[in-house]
Q: 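Would you mind keeping the following structure in view while I ask a few things?
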Amino acid sequence: QLQASGGGLVQAGGSLRLSCVGAGRTFRGYITGWFRQAPGKDREFVAAISYGGGGRYYADSMKGRFTISRDNAKNTVYLQMNNLKQEDTAVYYCAATSNLSRYAESNWYNYWGQGTQVTVSS
């Protein structure tokens, strides 16, 4: 129902753009978020965007480097990641929730994509 793509291997300081394509029932009216999980660590919130695009939310460590956007005509949410650091290495997941007030809490998301690996080398 959600499919994430765009991960890969990039050098530190480089950029990647992740995409999350959703089916209509997991996309229309939903808040879409990105989370990531590094080996041995808990899943953490990265960014989220409201369905209309007017609300964009970021984890503090991503502000200024990551940009979330969406194209509802294409049922797609993007995560542009610039100035990548080695600590950004993780599997990145997109997810959808109808609860805007809980956008940073993974357990409030109903639908999840399969994840895409991002590896940042030195």
Side-chain angles (χ1 to χ4, degrees):
Q1 293 171 326
L2 292 173
Q3 187 167 0
S5 63
L9 174 64
V10 64
Q11 286 189 322
S15 298
L16 282 174
R17 187 176 79 159
L18 306 183
S19 298
C20 175
V21 179
R25 64 185 290 266
T26 62
F27 197 83
R28 188 178 304 279
Y30 279 75
I31 294 88
T32 305
W34 286 97
F35 291 79
R36 69 185 186 184
Q37 188 165 19
K41 295 187 177 181
D42 293 334
R43 188 169 296 187
E44 67 171 335
F45 170 72
V46 175
I49 186 168
S50 61
Y51 180 71
R56 305 185 188 199
Y57 314 93
Y58 299 92
D60 287 343
S61 61
M62 287 70 166
K63 288 179 180 177
R65 298 192 300 125
F66 291 8
T67 302
I68 191 169
S69 62
R70 69 190 302 153
D71 183 343
N72 289 340
K74 297 180 179 179
N75 282 3
T76 303
V77 170
Y78 303 99
L79 183 69
Q80 177 67 42
M81 306 186 294
N82 297 328
N83 191 23
L84 283 162
K85 305 174 182 180
Q86 282 188 276
E87 51 263 43
D88 294 318
T89 295
V91 177
Y92 284 70
Y93 300 88
C94 62
T97 180
S98 58
N99 195 325
L100 181 59
S101 64
R102 304 284 187 173
Y103 64 83
E105 300 176 53
S106 61
N107 56 317
W108 283 88
Y109 281 74
N110 310 94
Y111 303 100
W112 289 84
Q114 83 286 5
T116 185
Q117 175 71 47
V118 171
T119 303
V120 184
S121 64
S122 60

Q: Look up atom CD in Gln11 and atom OG1 in Thr119, then write down how far apart they are to the nearest 0.5 Å.
A: 13.0 Å
Q: Surrounding CD of Glu87 (heavy atoms of other residues, nucleotides or ligands, distance under 6.0 Å), is the total greater than 12?
A: yes
Q: State, to 0.1 Å, how close Met81 and Leu84 come at their nearest heavy-atom pair, and which atoms those are.
A: CB-CD2, 3.8 Å
Q: Could you see if Tyr92 belongs to whatever hydrophobic cluster contains Leu16? Use Ile, Leu, Val, Met, Phe, Trp, Tyr and a side-chain cutoff under 4.5 Å.
A: yes
Q: Hydrophobic clustering (ILVMFWY, side-chain heavy atoms < 4.5 Å, transitive) - are Leu79 and Met62 grouped together?
A: yes
Q: Which pairs with one or both residues in residues 64-122 pass disulfide (SG to SG under 2.5 Å), sequence neighbours excluded?
A: Cys20-Cys94
Q: Side chain to side chain contact (heavy atoms under 4.5 Å, CB included) for Val77 and Phe27? Distances and angles first, verdict last.
A: CA-CA 9 Å; Val77 170; Phe27 197 83; 3.7 Å; yes
Q: Under the rule for salt bridge (charged side-chain N to carboxylate O under 4.0 Å, His left out), what residues qualify as partners of Arg28, not counting sequence neighbours?
A: none
Q: Find the distance between OG (Ser19) and NZ (Lys74) and round it off to the nearest 0.5 Å.
A: 9.5 Å
Q: With no hydrogens and no angle check, is any side-chain donor or acceptor of Gln3 less than 3.5 Å from a backbone partner on Gly113?
A: no
Q: Minimum heavy-atom separation for Val91 to Gly115, with atom names?
A: CG1-CA, 3.8 Å
Q: Side chain of Tyr58, backbone of Ile68: donor and acceptor closer than 3.5 Å?
A: yes
Q: Does Asn107, at its CG atom, have more than 12 non-hydrogen atoms belonging to other residues, nucleotides or ligands within less than 6.0 Å?
A: yes
Q: Give the minimum heavy-atom separation between Arg70 and Ser50, together with the two atoms involved.
A: NH1-O, 3.0 Å
Q: Are Tyr109 and Tyr57 connected, step by step, through hydrophobic side chains (Ile, Leu, Val, Met, Phe, Trp, Tyr) whose heavy atoms are closer than 4.5 Å?
A: yes
Q: Do Tyr111 and Tyr30 touch side chain to side chain, with heavy atoms closer than 4.5 Å?
A: yes
Q: How about Trp34 and Ile49: do any of their side-chain heavy atoms sit closer than 4.5 Å?
A: no
Q: Search all heavy atoms of Gln37 against all heavy atoms of Ala90 and return the closest pair with its distance.
A: O-CB, 3.4 Å
Q: Could you check whether any side-chain heavy atom of Thr67 comes within less than 4.5 Å of a side-chain heavy atom of Tyr78, counting everything from C-beta outward?
A: no
Q: Which value, rounded to the nearest 0.5 Å, describes the distance between Asn99 atom CG and Glu105 atom CD?
A: 8.0 Å
Q: Checking the side chain of Thr97 only, and the main-chain atoms of Trp108 only, is there a donor and an acceptor separated by less than 3.5 Å?
A: yes
Q: Using the rule given for side chain to side chain contact (heavy atoms under 4.5 Å, CB included), can you reason through Thr32 versus Leu2, listing the C-alpha separation, both sets of side-chain angles and the distance that settles it, and then say yes or no?
A: CA-CA 10 Å; Thr32 305; Leu2 292 173; 5.6 Å; no
Q: Excluding sequence neighbours, so at least two apart, what forms ring pair (Phe, Tyr, Trp, His ring centres under 6.0 Å) with Phe45?
A: Phe35, Tyr103
Q: Quick check: is Val10 connected to Phe66 through a chain of hydrophobic side chains (ILVMFWY, heavy atoms under 4.5 Å apart)?
A: yes
Q: Heavy-atom distance under 4.5 Å between the side chains of Thr89 and Gln117, does that happen here?
A: yes
Q: Please check: side-chain N/O of Asn72 versus main-chain N/O of Tyr51, any donor-acceptor pairing under 3.5 Å?
A: yes
Q: Which atom pair, heavy atoms only, marks the closest approach of Asp88 to Arg65?
A: OD2-NH1, 2.7 Å
Q: Please answer whether the main-chain N or O of Val46 pairs with a side-chain N or O of Arg36 as donor and acceptor at a distance below 3.5 Å.
A: no
Q: Do Asn75 side-chain atoms and Gly22 backbone N/O form a donor-acceptor pair below 3.5 Å?
A: yes
